[in-house]
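For the numbers below, each heavy atom of this structure counts, side chains included, while hydrogens, waters and symmetry mates do not. All chains are named by letter (A, B, ...) in the order of the sequence lines, taking the proteins before the strands, and each is independently numbered beginning at 1. No experiment lies behind these values; they were computed from the predicted model shown.
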Amino acid sequence: MKEKIQDSLKGILSDLYDNSDFNVDQYVINIQENKEKEHGDLASNIALILAKPLKKQPKEIANEVIEQFVVDKDITKVEVAGPGFINFFLSKSSHGEVLKDILAHKDNFGKVQSNNKKILIEYVSSNPTGPLHVGHGRGAVFGSVLSRLLKEAGFEVDEEYYVNDFGRQMNILSTSLWIRYAQLFDDQIKMIKNGYQGDYLISVAKKLKEIKSDQFYKDKGIISNLLNSNRELDDETFTDLLIDTIKTELDSNFVYLRNFALDEIIDLIKKDLIDFGVDHNKWFYESSLYQEKEGAESKVDKAINNLKSNKFIYEKDDAIWFKSSDFGDDKDRVLRRSNGEYTYFASDVAYHLDKYDRGYDRVINIWGSDHHGYLPRVRAAMEASKRNIEKLEVVFIQFANLIRQGKKVTMSTRSGEFITLKELVEEVTSEAARFFYINRKADQHLDFDLDLAKEQSKDNPLYYIQYAHARICSVLRKSDVQEDKLNKCDLALLDSDKEVEIQKMLKQYPALIERAALSSEPHLICYYLKDLASIFHSYYNSEKFLVENQDLMNSRLYLLTGVKQVISNGLSVLGISAPQEM
RNA sequence: GCCCCGUUAGCUCAGUCGGAUAGAGCGCUGGAUUCCUAAUCCAGAGGCCAUAGGUUCAAAUCCUGUACGGGGCACCA
C-alpha cells in the first residue's frame with residue numbers, strides 16, 4: 001500500500017513540477033503511519049520537503065497534489081492537514097489483506113527471501129577456564145537472537161565461539177587441575193592462590209583419575225614438595241615455577257592434561273549454552289592460529305609479516321610493536337613481548353584477518369562494553385592490512401545487575417562467589433532469562449529482577465505475552481472451526497476500532513523484523529509483542545468471539561489466528577516457546 | 001587528563017531517515033467476571049524529554065558546550 005501511494009505521488013509530482021531545474025527523483029517520498037486516527041492511516045510530508053526547492057507554500061503544493069490523486073476502493077479519502085501533510089484514509093476492508101498473508105505464510109510470515117549475503121557473528125567467547133556465569137548471559141542471548149533475526153531477514157549466518165586456548169591461562173588451568181587431581185591422593189595439598197578455585201575442577205579431576213588412575217601423580221613427589229614448601233617467592237613467580245616443574249615432570253603427558261582440562265571445560269560451556277538456547281555452529285581455537293602446517297608460517301606470523309611489509313611494525317625494548325597510532329589509536333600496541341611471547345592482540349589480528357579471508361559480507365563481534373577501548377586497535381590492524389573496516393561491526397553490551405527482593409545481588413569473580421548461568425537458568429527458566437536479558441537496548445544498563453522473572457502474572461511481560469497466545473488457542477479449540485473455512489470469511493466485518501488497530505499492527509511485523517535485524521535492536525521485538533498482546537487482551541475483554549452469527553464468528557477467529565501466528569513467530573525469533581495452554 | 005555510553009512520569013523503561021496533542025508497565029485512586037482462561041480488562045491523576053545554545057517549515061530525536069551517572073585507558077586476557 002505504501003509503495004502504491006509512493007508511486008502515484010511520484011507520478012503526480014513529476015507531471016506537475018519536473019523541469020530543467022527540478023527532478024522529483026532527488027527526493028525520497030516518505031510515507032509514515034499515523035498515530036492519530038483523525039489524521040487517517042498514512043501520511044506523507046513530501047509537500048513540506050518540497051516547499052523550499054519549489055519556493056512555494058507547503059499547503060499549496062499539497063493541494064495541487066491531492067487534486068490529481070485518484071481514490072479507489074482501498075484509498076477512500078485524501079486530505080491536506082496541519083502545516084501541509086497529505087493524509088490518506090484506507091478502507092476498512094483493505095486492512096484484512098495482512099490476515100490472508102499471514103495464513104498463507106504461517107511460520108514464515110515476516111521472513112525475507114535469501115539475499116545471498118553471509119554474516120559471521122562471534123559472541124560469548126568466554127575464556128575456557130570455568131563455567132559461564134551470569135555476566136556472560138546477556139551477550140549470549142543477544143548474539144543468539146541477533147543471529148535468528150538476521151536469518152529471518154534473509155542472511156546466511158554463522159555463529160562462532162572464539163576459544164582462547166593459548167598462553168599462560170591454559171597453563172594455570174592445567175596446573176589447577178593437577179592440584180585437584182593430586183588432592184585425590186593427598187588431602188594435605190592446597191590449591192594455589194592464582195589457581196582456578198571453583199569446585200568444577202574437582203569433578204574434572206575425578207574423571208581424570210578414573211581414566212589415568214595415579215599415572216600423573218605417582219613419582220611426582222617433586223611437585224608435591226614444591227607445593228608444600230615454605231615459599232619466599234611472590235605468587236606470580238611461584239606459579240611460573242610450578243608450571244615449569246609440572247611441565248618437566250609430566251613431559252609429554254602435560255599436553256594430555258591440558259587438552260583434557262580444555263575439552264572438559266568446553267563441554268561444560270557447550271552444555272550450559274545449549275540449555276540456554278544458544279547454539280554456536282562454529283568453534284574457533286586460538287591455538288590454531290599458531291600452528292605451522294608443513295613448515296609454512298603460522299597465521300599469527302603471517303599477519304605480523306603482512307603488517308611489516310606495509311611498514312607498520314617496529315622493534316623497541318626487545319618487543320615488536322604495531323603502529324596503531326597511525327590509524328587513530330591512542331598509542332602503539334605490542335604484538336610480541338620482550339620475553340618472546342605473543343600478546344592476545346597478536347592472535348586477534350590474525351583471527352580477524354582469518355574472518356575476512358573466509359569471505360563474509362559482514363563480520364559482527366559482540367563484546368562487553370568494558371572492551372570498547374580495544375576496538376580502535378583492531379580496526380587499525382585491519383586498516384593497516386588493507387581490509388575494508390566497514391565490514392567489521394562491534395556491538396557493545398552493557399552489564400546487567402541481578403536484583404533479588406529489590407536489592408542488587410553482589411558477586412565477586414575473584415573469590416569464586418559468582419552465580420553461574422546454569423544456576424540462573426535453573427532458577428528462572430531459560431525462556432524467562434532470555435526474555436529479560438533481551439528486553440532492553442544493548443547499550444543500556446539492565447536490572448534483571450529475578451523475582452519478577454519467576455512471577456506468573458501480567459506484571460511479568462513474558463507471561464503476559466504467552467498468556468495471550470494460550471488464550472487464543474483455547475478459543476480456537478472451543479470453536480472447532482476448520483481453517484479452510486476461515487479463509488472464506490468476510491473481512492469487512494472486522495471494522496471496529498480495535499479490530500482495525502490489530503490488523504494494522506500485524507501489518508507492521510515484517511518491517512519490524514527487518515529493522516530490528518539491520519539495526520541490531522532485538523529488544524524491539526519484545527516491545528512489539530507486549531503491545532500486540534495488550535491490544536489483544538483488550539479486544540478479548542470487549543468482544544465475544546464464539547457468537548451465533550457464523551460469518552462474524554469466522555472473521556473474528558480469522559483475526560485471532562493471525563494474532564496467534566505473529567505472537568508465535570515473534571517468540572520463536574527470541575528462542576521462546578508459545579504455549580498452547582497455561 | 002583523554003575516550004565510549006547514558007540522562008524522558010514517583011520507579012523501571014520505549015520512542016520508526018527529525019513530523020501533527022511525548023507513550024507503556026509498576027505504584028497510586030476508582031471500577032468491570034452468571035459468558036470464549038480475571039494469569040485479564042476499563043477509567044483517572046502524574047512531564048521544563050538533565051541544562052544552555054545552534055541547525056530546520058518542524059527537535060526528546062541532528063550539532064556544540066556544561067552538569068550528573070556508568071565504563072575504559074597493560075609488554076593482561
Side-chain angles (χ1 to χ4, degrees), chain A residues 28 30 32-36 38-39 43-45 47-49 51-52 57-59 81-85 87 125-127 129 164 166-169 286 316-321 329-331 333-345 347-348 368-376 396 398-399 403 406 439-447 449 452 455-461 463-464 466-468 470-479 508 511-512 515 519 521 523-524 526-528 530-531 533-534 536-547 553 556-557 560 581-582:
Chain A
V28 178
N30 184 26
Q32 68 189 57
E33 279 144 35
N34 284 332
K35 286 178 230 165
E36 298 294 323
E38 292 72 30
H39 297 143
S44 178
N45 62 353
L48 294 159
I49 305 262
K52 192 167 240 182
Q57 289 296 313
K59 280 192 169 180
F85 288 102
N87 291 334
S125 299
S126 153
N127 287 335
T129 53
N164 303 125
F166 193 81
R168 188 162 180 263
Q169 60 171 353
E286 182 186 7
K316 193 181 83 179
D317 306 332
D318 296 330
I320 295 179
W321 295 72
D329 197 8
D330 295 338
K331 48 178 285 197
R333 306 291 173 177
V334 170
L335 290 166
R336 203 183 74 191
R337 293 188 267 160
S338 50
N339 66 4
E341 284 176 25
Y342 289 100
T343 59
Y344 176 84
F345 176 54
S347 317
D348 238 8
S369 60
D370 54 335
H371 283 72
H372 81 85
Y374 192 73
L375 178 58
F396 293 102
Q398 274 290 355
F399 298 119
I403 308 289
N439 183 29
R440 195 66 85 224
K441 271 192 303 198
D443 57 8
Q444 284 273 19
H445 288 277
L446 164 68
D447 284 338
D449 188 330
L452 184 59
E455 204 166 299
Q456 308 205 349
S457 75
K458 77 186 210 80
D459 295 352
N460 178 341
Y463 270 83
Y464 185 77
Q466 289 183 316
Y467 179 48
R471 252 184 161 176
I472 295 173
C473 291
S474 173
V475 174
L476 293 174
R477 267 196 305 274
K478 290 225 157 76
S479 76
Q508 290 167 11
L512 171 88
R515 190 184 146 220
S519 61
E521 296 180 305
H523 71 282
L524 294 175
C526 298
Y527 283 89
Y528 172 85
K530 270 184 271 183
D531 286 346
S534 168
F536 159 74
H537 283 307
S538 170
Y539 180 46
Y540 184 95
N541 275 276
S542 68
E543 299 288 355
K544 203 165 154 48
F545 311 127
L546 304 179
V547 290
M553 180 176 87
R556 286 180 177 172
L557 292 179
L560 292 198
E581 50 189 293
M582 291 170 80

**OP:** With sequence neighbours excluded, tell me which residues meet salt bridge (charged side-chain N to carboxylate O under 4.0 Å, His left out) with A/D329.
**Re:** A/R333

Subject >> RNA chain B: 5'-proximal contact among A/Y464 and A/P58 (nearest heavy atom) >> reply: A/Y464

Original post:
Between B/C17 atom C1' and A/E33 atom CD, what is the distance in whole Å?
Top reply: 14 Å

Original post:
For the side chain of A/N87 and the backbone of A/A43, is there at least one donor-acceptor N/O pair under 3.5 Å apart?
Top reply: no

Original post:
Atom NZ of A/K544 and atom P of B/C41: how far apart are they, to the nearest Å?
Top reply: 19 Å

Original post:
Is a donor on one side and an acceptor on the other found under 3.5 Å between the side chain of A/N460 and the backbone of A/L452?
Top reply: yes

**OP:** For nucleotides B/A60 and B/A45, find the distance between their C1' atoms and express it as a whole number of Å.
**Re:** 23 Å

Original post:
Could you give the NZ-to-C1' distance, from A/K35 to B/G15, as a whole number of Å?
Top reply: 8 Å

Subject >> Pairwise C1' distance, B/U8 and B/A50 [rounded to whole Å] >> reply: 10 Å

**OP:** Would you please confirm or rule out a distance under 4.0 Å between OP1 or OP2 of B/C57 and any side-chain N or O of A/K52?
**Re:** yes

**OP:** Give a yes or no on whether a donor-acceptor pair under 3.5 Å exists between the nucleobase atoms of B/A14, that is its base, and the side chain of A/D531.
**Re:** no

**OP:** Using the C1' atoms only, state how far B/G46 lies from B/G23, rounded to an integer number of Å.
**Re:** 13 Å

Original post:
For A/K59 and B/A20, what is the distance between atoms NZ and C1' respectively, to the nearest whole Å?
Top reply: 12 Å

Original post:
Between B/C17 atom P and A/R515 atom CZ, what is the distance in whole Å?
Top reply: 5 Å

Subject >> Spacing of the C1' atoms in B/U51 and B/C57 (rounded, Å) >> reply: 26 Å

**OP:** Quick one: label A/H537 by what it contacts on the DNA or RNA (base, sugar-phosphate, nothing), any heavy atom closer than 4.0 Å.
**Re:** sugar-phosphate

Original post:
What class does the angle between the rings of A/Y540 and A/F545 fall in, given that below 30° is parallel, 30 to 60° is tilted and above 60° is perpendicular?
Top reply: perpendicular

Original post:
So what does A/N87 touch, heavy atoms closer than 4.0 Å: a base, only the sugar-phosphate, or nothing?
Top reply: base

**OP:** Using a heavy-atom cut-off of under 4.0 Å over every strand shown, decide if A/Y540 touches base, sugar-phosphate, or nothing.
**Re:** base

**OP:** Scan A/A468 against the nucleic acid and name what it touches under 4.0 Å (heavy atoms): base, sugar-phosphate only, or nothing.
**Re:** nothing

Original post:
Whole Å only: how far is the OH atom of A/Y527 from the C1' atom of B/U12?
Top reply: 9 Å

Original post:
Would a 4.5 Å heavy-atom cut-off, applied to side chains only, mark A/F396 and A/D370 as touching?
Top reply: no

Original post:
Base, sugar-phosphate, or nothing: which does A/E543 touch, judged by heavy atoms less than 4.0 Å apart?
Top reply: base

Subject >> Which nucleotide in B/A20, B/C36, B/G27 has an atom nearest any side-chain atom of A/F85 >> reply: B/A20

Subject >> Base paired to B/A58 (Watson-Crick or G-U; both N/O distances under 3.5 angstrom) >> reply: none

**OP:** Indicate for each nucleotide in nucleotides 69-77 of chain B, in 5' to 3' sequence, whether protein heavy atoms under 4.0 Å reach the base (B), only the sugar-phosphate (S), or nothing (-).
**Re:** -SBS-SBSB

**OP:** Classify the angle between the aromatic ring planes of A/Y344 and A/Y374 as parallel (below 30°), tilted (30 to 60°) or perpendicular (above 60°).
**Re:** tilted

Original post:
For B/U34, which nucleotide is its Watson-Crick or G-U wobble mate, given both distances must be under 3.5 Å?
Top reply: none

Original post:
What nucleic acid atoms does A/D443 come within less than 4.0 Å of, heavy atoms only: base, sugar-phosphate, or nothing?
Top reply: sugar-phosphate

**OP:** Look at all strands and tell whether A/A43 reaches a base, only sugar-phosphate, or nothing, counting heavy atoms closer than 4.0 Å.
**Re:** base

Original post:
With both distances under 3.5 angstrom, what nucleotide forms a Watson-Crick or G-U wobble pair with B/C73?
Top reply: B/G1

**OP:** Find which nucleotide of RNA chain B each of A/F396 and A/L546 is nearest to by heavy atoms, and output the residue with the more 5' nucleotide.
**Re:** A/F396

Original post:
Where the side chain of A/R556 meets the backbone of A/K544, is there a donor-acceptor pair that is under 3.5 Å apart?
Top reply: yes

**OP:** Tell me, yes or no, whether the heavy-atom count around A/Q57 atom CD, taken from other residues, nucleotides or ligands under 6.0 Å, exceeds 12.
**Re:** no

**OP:** Measure from CD on A/E455 to C1' on B/A39 and round the result to the nearest Å.
**Re:** 10 Å

Original post:
With side chains defined as the heavy atoms from C-beta onward, is the minimum distance between A/L546 and A/K478 less than 4.5 Å?
Top reply: yes

**OP:** Any strand is fair game: report the nucleotide pairing with B/G10 by Watson-Crick or G-U wobble, both distances under 3.5 Å, or none.
**Re:** B/C26

Subject >> Closest listed nucleotide, where the reference is the side chain of A/V475 and the choices are B/C36, B/A39, B/A20 >> reply: B/C36

Subject >> Distance, P atom - from B/U55 to B/U12, rounded to whole angstrom >> reply: 36 Å

**OP:** Answer yes or no: does a side-chain N or O of A/R471 lie under 4.0 Å from OP1 or OP2 of B/A38?
**Re:** yes

**OP:** Take atom CD of A/Q444 and atom C1' of B/C5, then tell me their distance rounded to the nearest Å.
**Re:** 9 Å

Subject >> 4.5 Å side-chain heavy-atom contact, A/R336 and A/E341 >> reply: no

Original post:
Any chance the side chains of A/H537 and A/R471 put a donor and an acceptor closer than 3.5 Å?
Top reply: yes

Subject >> Torsion-based syn/anti label for B/C62, 90° from 0 as limit >> reply: anti

Original post:
Taking the six-membered ring for Trp, does A/F545 stack with B/C36 (centroid gap under 5.5 Å, planes within less than 30°)?
Top reply: yes

Original post:
Does the side chain of A/K530 get closer than 4.0 angstrom to OP1 or OP2 of B/C13 through an N or O atom?
Top reply: no

**OP:** Counting Watson-Crick and G-U wobble pairs only, both distances under 3.5 Å, name the nucleotide matched with B/G46, or none.
**Re:** none

Subject >> Sugar-phosphate, base or nothing in reach of A/S538, heavy atoms under 4.0 Å >> reply: sugar-phosphate

Subject >> Base partner of B/U64, which must satisfy Watson-Crick or wobble distances under 3.5 Å >> reply: B/A52

Original post:
So what does A/L524 hit on the nucleic acid, given a heavy-atom distance under 4.0 Å: a base, only sugar-phosphate, or nothing?
Top reply: sugar-phosphate

Subject >> Any A/S474 side-chain N or O less than 4.0 Å from OP1/OP2 of B/U37 >> reply: yes

Original post:
Taking atom C1' in both B/A14 and B/A22, what distance in whole Å separates the two?
Top reply: 11 Å

Subject >> Atom P, compared across B/U16 and B/C62: separation rounded to whole Å >> reply: 9 Å

Subject >> Pairwise P distance for B/U66 and B/C73, with rounding to whole Å >> reply: 24 Å

Subject >> Complementary nucleotide for B/G18 - Watson-Crick or wobble, under 3.5 Å >> reply: none

